[in-house]
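Written out below as structure tokens is the structure these notes cover.
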Amino acid sequence: MGSPKHTTDLDRDYTIPQDWERYTDAEHEMWRRLYRRQAEMLPGRAAEAFMDGLTKLDLNEGGIPDFRRLNEKLHGLTGWTVEAVPDLVPDAAFFRMLAGRRFPAGRFIRKPEEMDYLEEPDVFHDVFGHVPMLTHPAFADFMAAYGEGGLRSLEFGALDHLARLYWYTVEFGLMKTPADGHDGLRIYGAGILSSKGESVFALDDASPNRIAFDAERVMRTDYRIDDYQQTYFVIDGFEALLDECYQDFAPLYGRLETAAELTPAAVEDADTILHRGTQEYFAEKAA
Ligand code: HBI
Ligand code: FE
């Protein structure tokens, strides 16, 4: 009995060895530069859960972390492990990894000339940006539930809606806290946390909208991948996010079939608006 000719994405494992010993001093220095830059500016901007995660995982400016050491700590905290992958993995495989509490992380690190922007997620975006949040139990549960939801969304042809949920929370999410500064807003989205410019823009610039998170609203809202976000969605906490997303999305997917899609800068009457953006930064760029 020969092996099946075509394994589906779900069967294939896209992980590769990290080969931590092969990183060069220049690559470790790149991590140090990126780490120092963000570590200097994030206190008071990043969610407490993120800062706690850096400490619990002993992530520091020492250089690119060895996933074997990192996983000893991470797995003990929330059952997650970080696995090196060569680049973006197909959506179905991505969801399956998350559902199995395995976070796919780029193994490569950006070049100096890509310091401020790069297309593909590198080890700094993935491990500095995403992994500390996986030490928070409710967020760790949310990410695994998201993976399960992603696999189900494929059956409904609702991948795009679910990708938006990921984008506006895991990548670019803000949360409201009672803390002082920045109106109590704090960052938990990896795309912001790993970016110097957006760590300021997302909290302090008048241009973007800041709207209370609502799963259905988020799934109707398109996003841009080439610049800062025109709208940030704000959660009240990770337990609230988990509760909102534990619901069965099937009825929601039905409503989304006929609901109007929204552009990234759209504001609706039903929105709870924390800040109505001027969109100035984007108008100037478009001019
Ligand atoms: N693959 N390695 C990797 N990292 C991601 O963040 C990632 C991915 N594949 C698909 C994906 N993200 C997004 O399209 C998800 O929203 C589905
Ligand atoms: Fe990411």
Side-chain angles (χ1 to χ4, degrees), residues 8-10 12-18 34 38 46-47 50 53 59 65 67 80-110 114 116-134 136 139-140 142-174 187-196 198-199 202 215 218-229 232-233 241 245 249 253 256 264:
T8 63
D9 284 334
L10 279 178
R12 219 188 112 191
D13 184 322
Y14 288 83
T15 60
I16 54 175
Q18 182 190 14
L34 288 161
Q38 291 311 99
F50 176 82
L59 284 174
F67 292 1
W80 277 84
T81 56
V82 182
E83 315 279 346
V85 291
D87 50 34
L88 291 179
V89 302
D91 291 327
F94 178 69
F95 291 133
R96 182 167 173 272
M97 288 185 76
L98 296 187
R101 294 190 181 236
R102 301 169 73 222
F103 187 77
R107 172 173 74 178
F108 78 100
I109 194 158
R110 67 193 74 179
E114 297 172 303
D116 291 317
Y117 182 76
L118 81 160
E119 282 293 306
E120 305 273 294
D122 70 341
V123 67
F124 186 75
H125 168 88
D126 280 328
V127 174
F128 179 87
H130 282 287
V131 173
M133 286 304 305
L134 293 174
H136 186 283
F139 191 83
F142 166 72
M143 284 288 275
Y146 178 85
E148 296 291 350
L151 290 171
R152 257 200 311 282
S153 79
L154 297 174
E155 294 158 33
F156 292 87
L159 168 66
D160 291 352
H161 297 310
L162 221 85
R164 289 170 175 165
L165 178 62
Y166 190 86
W167 191 265
Y168 281 116
T169 55
V170 180
E171 292 295 356
F172 291 96
L174 300 180
I187 306 163
Y188 72 93
I192 310 174
L193 291 164
S194 51
S195 156
K196 177 184 183 215
E198 198 152 7
S199 296
V218 163
M219 290 199 223
R220 290 175 53 208
T221 310
D222 208 352
Y223 57 83
R224 48 192 316 168
I225 60 171
D226 59 347
D227 202 341
Y228 297 157
Q229 299 306 306
Y232 295 97
F233 288 94
L241 176 63
C245 296
F249 280 162
Y253 291 148
L256 287 170

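First listed ligand is number 1; within each ligand, the first listed atom is number 1. Sequential numbering from 1 along the given sequence is applied to the chain's residues.
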Check: Just one of Tyr166, Tyr14, Phe103 clears the ring pair (Phe, Tyr, Trp, His ring centres under 6.0 Å) bar with Phe94, so which one?
Finding: Tyr166
Item checked: Those residues that, when tested against His125, pass side chain to side chain donor-acceptor pair (under 3.5 Å) (two or more places apart) -> His130, Glu171, Ser194
Can you list, pair by pair, the side-chain donor-acceptor contacts under 3.5 Å of residues 146-154, counting residues two or more places apart and other chains?
from	atom 1	to	atom 2	distance (Å)
Tyr146	OH	Leu162	O	2.7
Ser153	OG	Gly150	O	2.7

Margin query: Between Glu83 and Phe67, is there a side-chain heavy-atom distance shorter than 4.5 Å?
Written below: no
Checklist line | the Fe ion (ligand 2): angle it makes with OE1 (Glu171) and NE2 (His130), nearest 10 degrees | finding: 90°
Using a cut-off of under 3.5 Å, which N/O atoms of ligand 1 pair up with protein N/O atoms, and what distance separates each pair?
from	atom 1	to	atom 2	distance (Å)
ligand 1	1 (N)	Val89	N	3.0
ligand 1	9 (N)	Val89	O	2.9
ligand 1	14 (O)	Asp91	OD1	3.2

Next item on the list: Say whether Tyr253 and Glu155, considering side chains only, have a donor N or O and an acceptor N or O under 3.5 Å apart.
Entry: no
Next item on the list: List in chain and number order the residues that pass side chain to side chain donor-acceptor pair (under 3.5 Å) with Thr221, two or more places apart in sequence or in another chain; answer none if no residue qualifies.
Entry: Arg217
